[in-house]
There are 2 protein chains.
Amino acid sequence: MTGSEVAAAAGVSPATVSYVLNDTPGQSIPESTRTRVREAAARLGYQPNAAARSLRVGRSDVVVGLVPDTGYSATFSDLMLKLSRSLSELGLSLVLHPAPLDPVRLRELLRTIDPVGVVALTGLDDDTVTALQAAGVRVVVGTAGAGAPRAWEIRFGAGEFGAAQAQHLRSRGHERIGLVRWARDFPSATDQGRAAALLEVMAVAGQTHIPVLDLPADPGAAEQALGVWLRDEPAVTAVATMDDDVAALVVSSADRLGVAVPDRLAVVGAYDFPVCTLVRPALSTVRADLGDLIGRFAAIIHEAVADAGSPLPDRIAVDTARVVARGST
Amino acid sequence: MTGSEVAAAAGVSPATVSYVLNDTPGQSIPESTRTRVREAAARLGYQPNAAARSLRVGRSDVVVGLVPDTGYSATFSDLMLKLSRSLSELGLSLVLHPAPLDPVRLRELLRTIDPVGVVALTGLDDDTVTALQAAGVRVVVGTAGAGAPRAWEIRFGAGEFGAAQAQHLRSRGHERIGLVRWARDFPSATDQGRAAALLEVMAVAGQTHIPVLDLPADPGAAEQALGVWLRDEPAVTAVATMDDDVAALVVSSADRLGVAVPDRLAVVGAYDFPVCTLVRPALSTVRADLGDLIGRFAAIIHEAVADAGSPLPDRIAVDTARVVARGST
DNA sequence: TTGTACGCGTTATCAG
DNA sequence: CTGATAACGCGTACAA
């Protein structure tokens with residue numbers, strides 16, 4: 001079903017079809033013609049060819065959502081579903097991809113999808129951001145990142161989660177805290193941003209660096225790694241984790257090791273995943289109303305796509321980050 | 001960077017560039033020309049434009065992976081990562097999308113991505129499969145489904161997980177079992193296939209239908225729903241769940257209700273998610289070496305894409321489905 | 001007010 | 001054995 005066929009059915013030229021269906025401004029087409037075209041399009045089930053459109057316009061209508069490759073809880077899933085709906089109303093569509101991606105797979109993604117925007121639930125390192133811009137991505141929404149954000153890049157929640165975690169642990173009397181992240185081949189930018197945010201708060205209490213534990217996903221290996229780490233870092237009485245999945249593994253590993261939570265080791269996670277209330281003790285965590293942000297993301301992306309020259313906010317604060325205290329702290 | 005520029009740099013025509021870089025058979029181009037072209041392409045960092053290619057060829061090189069919209073664990077995440085790599089080697093790329101999708105979003109996905117193949121970690125209902133075929137998708141790999149598979153559709157693991165769960169529960173002496181699935185607006189085809197598989201095994205023991213509990217994701221609501229359901233179904237002494245996330249919520253809800261697991265209620269999950277060993281009692285589950293299947297999926301998709309007429313297997317058995325017995329049964 | 005014609009980058013057909 | 005050239009479907013400048 002092509003635009004020409006619709007034009008033929010409506011008795012107009014292909015150009016008119018394009019004008020009508022795209023609501024092209026500056027064209028004075030009588031309402032009667034418009035309805036005839038729209039009706040024909042609807043009747044024939046006309047769907048514009050995305051490839052032809054992309055080729056002509058020079059960009060696709062696709063936004064890529066980068067999700068953590070460590071698995072992806074219902075919390076994040078809901079977020080992406082919301083984003084998908086919001087973007088959909090604005091004529092954009094969302095597909096997901098696991099992150100972080102190595103340079104080769106990133107290039108492949110950019111080449112095959114040529115997204116107009118990227119929303120990352122993970123941090124993006126500078127090289128990735130640079131590659132995205134070079135590939136023509138109009139707007140990037142992500143969390144942490146080392147340098148200053150570019151004009152077309154928006155950051156959110158860079159430090160709020162870490163700050164909330166550290167403040168909570170301090171308020172519970174802890175003076176030396178650590179960070180637990182997933183062990184992985186390539187370091188994640190989110191991990192680094194979180195560590196920096198924790199340190200900023202703990203520096204006030206005299207802590208000079210944040211010890212980091214790389215936790216393997218395998219329960220046996222995790223237990224061992226935690227045991228060794230706790231011996232090596234005897235001053236650490238509490239840990240913040242990158243997310244609640246990691247926190248859950250810490251708590252259960254501690255249980256097996258005979259390490260009392262929260263007495264010997266307090267644990268605070270992040271994002272309030274469903275797993276929080278499944279483990280014993282239940283996980284304290286930091287949650288934020290990210291769902292609220294999603295609508296703004298969509299609007300910002302739409303704006304950036306529609307009007308390339310419009311200025312973007314370089315940062316969106318997550319002002320709703322709040323501690324949910326449960327049994328693990 | 002376009003093919004024409006490469007052609008100019010190499011002193012050949014654009015057509016020759018296409019022939020060389022695509023290894024088009026039936027063309028006798030001297031090795032010297034080939035190397036010259038390849039060199040120029042590499043030097044200039046040529047990346048073919050996917051939109052133009054899609055427009056010309058009539059399909060994209062993208063495969064869509066449908067993932068459960070309830071969130072998915074590291075187990076599925078790993079699977080998709082493996083699939084992504086396998087497809088990548090075959091010149092195809094993978095993007096993810098939450099499923100099930102309503103008809104509107106499905107159409108949008110098909111229009112914007114125009115995938116050449118679909119791999120679903122969830123079941124696909126018949127309408128969806130029909131829509132996929134109509135949109136020109138060459139091959140669909142999915143789990144359950146009501147009717148018989150189409151020639152271009154491959155099913156895997158339709159009943160194996162359910163059969164293994166039911167057999168395990170029977171071997172533990174249970175004669176009346178139920179199925180627990182996520183409460184959701186639209187029924188999932190996976191859920192229906194699982195129920196049928198369970199019934200097939202339990203029919204031998206005289207069970208005539210499988211009571212189903214729709215579990216809300218919210219812990220409080222889940223606890224209440226489980227309590228009511230157990231009162232309504234006093235004969236049920238064990239449940240199989242759709243996956244380990246659901247199973248974990250059942251176990252923790254039972255704990256809060258004072259229902260002893262496994263004595264009053266045995267619980268067996270599926271897929272061996274990491275959450276299995278995080279809850280008490282640890283979850284019995286059914287696992288299969290799906291990673292092994294992934295490579296075959298990729299090969300089958302590649303085959304179907306490369307040679308439209310080649311016959312596909314209509315079914316791939318998951319012969320490695322095995323029970324992992326832990327504390328919950 | 002509407003239609004014609006061109007170009008986006010690629011691949012396939014068909015002369016040379 | 002090689003390379004012009006047309007065509008894919010759309011959007012838009014310009015002509016009618």
Side-chain angles (χ1 to χ4, degrees), chain A residues 1-38 40-41 44-62 91 110-114 116 135-136 305-306, chain B residues 1-37 40-41 44-62 91 110-114 116 135-136 305-306 308:
Chain A
M1 178 80 305
T2 75
S4 301
E5 300 181 63
V6 175
V12 298
S13 79
T16 307
V17 172
S18 175
Y19 291 143
V20 171
L21 298 183
N22 293 329
D23 274 325
T24 308
Q27 301 289 332
S28 43
I29 297 170
E31 199 51 44
S32 62
T33 306
R34 289 182 186 276
T35 47
R36 210 166 66 244
V37 169
R38 281 196 253 268
L44 298 174
Y46 170 67
Q47 299 277 84
N49 181 308
R53 186 198 197 88
S54 298
L55 178 59
R56 182 70 184 92
V57 177
R59 57 169 185 78
S60 74
D61 290 330
V62 176
L110 291 171
R111 198 181 65 71
T112 51
I113 303 294
D114 194 19
V116 69
V305 171
Chain B
M1 178 78 307
T2 75
S4 300
E5 299 181 64
V6 174
V12 299
S13 80
T16 308
V17 172
S18 174
Y19 291 143
V20 171
L21 298 182
N22 293 327
D23 274 326
T24 309
Q27 299 292 331
S28 41
I29 297 171
E31 200 51 45
S32 61
T33 305
R34 290 181 185 276
T35 46
R36 211 166 65 244
V37 169
L44 298 174
Y46 169 69
Q47 297 277 83
N49 181 309
R53 186 200 197 88
S54 297
L55 176 59
R56 175 64 222 193
V57 176
R59 57 169 184 78
S60 73
D61 290 331
V62 176
L110 291 171
R111 197 181 64 71
T112 52
I113 304 295
D114 195 18
V116 68
V305 172

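Because the structure is predicted, anything quoted here is derived from the model rather than measured. Just so we're on the same page: letters track the sequence lines, and every chain starts at 1.
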Closest listed nucleotide, where the reference is the side chain of A/Thr33 and the choices are C/dT1, D/dC10, C/dT2: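 Minimum distance to the A/Thr33 side chain belongs to C/dT2.
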Nucleotide nearest A/Pro30 when distance is taken to its side chain, options D/dG11, C/dT1, C/dG9: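 Closest nucleotide among those given: C/dT1.
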When you measure from the side-chain N and O atoms of [X] to the phosphate of [N], is any distance below 4.0 Å, counting only OP1 and OP2?
X: A/Tyr19; N: D/dA13; answer: no
X: B/Thr16; N: D/dG3; answer: yes
X: A/Arg53; N: D/dG11; answer: yes

C/dA12 base / B/Arg56 side chain donor-acceptor hit below 3.5 Å: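 No, no donor-acceptor pair under 3.5 Å.
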Touch class at under 4.0 angstrom, heavy-atom based, for A/Ser18 against every strand present: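 Base, at least one base heavy atom under 4.0 Å.
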A/Ile29 side, atom CD1; A/Asp23 side, atom CG - distance, nearest 0.5 Å: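 Separation between the atoms: 9.5 Å.
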Taking atom [atom2] of [N] as reference, at what distance in whole Å does atom [atom1] of [X] sit?
X: B/Ile29; N: D/dT2; atom1: CD1; atom2: P; answer: 7 Å
X: A/Leu44; N: D/dG9; atom1: CG; atom2: C1'; answer: 16 Å
X: B/Asp61; N: C/dG9; atom1: CG; atom2: P; answer: 18 Å
X: B/Glu5; N: C/dC8; atom1: CD; atom2: P; answer: 11 Å
X: B/Met1; N: C/dC8; atom1: CE; atom2: P; answer: 14 Å
X: B/Arg34; N: D/dC1; atom1: CZ; atom2: P; answer: 11 Å
X: B/Arg59; N: D/dG9; atom1: CZ; atom2: P; answer: 16 Å
X: A/Gln27; N: D/dT12; atom1: CD; atom2: C1'; answer: 9 Å

In a table with atom names and distances, give each donor-acceptor pair under 3.5 Å that connects a side chain of residues 47-58 of chain A to protein atoms at least two apart or in another chain.
| unit_1 | atom_1 | unit_2 | atom_2 | d |
| --- | --- | --- | --- | --- |
| A/Asn49 | OD1 | A/Ala51 | N | 2.8 |
| A/Asn49 | OD1 | A/Ala52 | N | 2.9 |
| A/Arg53 | NE | A/Asp61 | OD2 | 3.3 |
| A/Ser54 | OG | A/Ala50 | O | 2.9 |

Whichever of B/Asn49 and A/Ser13 has its nearest DNA chain C nucleotide further upstream toward 5':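 Looking at DNA chain C, the more 5' nearest nucleotide goes with A/Ser13.
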Residue mapping more 5' on DNA chain C - nearest nucleotide basis, B/Leu55 or B/Ala15: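 Upstream on the strand: B/Leu55.
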A/Arg36 side chain vs A/Ala10 backbone, donor-acceptor pair below 3.5 Å: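 Yes.
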Under 3.5 Å donor-acceptor, A/Ser4 side chain and A/Pro14 backbone: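 Such a contact is absent between A/Ser4 side chain and A/Pro14 backbone.
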Minimum heavy-atom distance between B/Val12 and B/Thr33, given as atom pair plus value: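 Answer, listing the atom of B/Val12 first, then B/Thr33: CG1-CG2, 3.9 Å.
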